[in-house]
Amino acid sequence: MRMNSYFGRKFGMRRPAAKLSISIPGAMAAAVRKRVGARGLSGFVARAVAHELEREGLGVLIAELEAEVGPPSKIDAARARKAWPKR
């Protein structure tokens, strides 16, 4: 089974950093600054981006698994929903 789209992808701030310029709504920027302070913004954004990359990678993995072995059964899907309810 080929599962290389997700596993092994780790991102951390210990690696060399790259500066990015991003634009977000003003209210969102104020909420983030209030929550993490001026010095915590880069770490917060890095964690948020890593989280989204992980979610996208999991989507690719799920698609690969479904292409190879088919979609989960209704019973398995119900078990998964019970184990991981919506937050």
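The first residue in the sequence is number 1, and the count goes up from there.
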Q: How many angstroms lie between atom CZ of R79 and atom NZ of K74, to the nearest 0.5 angstrom?
A: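 It comes to 15.0 Å.
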Q: Do R35 side-chain atoms and A31 backbone N/O form a donor-acceptor pair below 3.5 Å?
A: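 No; zero donor-acceptor contacts below 3.5 Å.
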Q: For P72 and E66, which heavy atoms make the closest approach, and how far apart are they?
A: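 Between these two residues, the closest heavy atoms are CD-OE2, 3.5 Å.
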Q: Take atom CD1 of I24 as the centre, draw a 6.0 Å sphere, and report whether it contains more than 12 heavy atoms from other residues, nucleotides or ligands.
A: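 Yes, because the 6.0 Å sphere around CD1 of I24 holds more than 12 heavy atoms from other groups.
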Q: Does I62 share a hydrophobic cluster with V69, counting links as ILVMFWY side-chain heavy atoms below 4.5 Å and allowing steps through other members?
A: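 No.
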Q: Kindly compute the distance separating CD (E52) from CD (E56), expressed to the nearest 0.5 Å.
A: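 The CD atom of E56 is 5.0 Å from CD of E52, to the nearest 0.5 Å.
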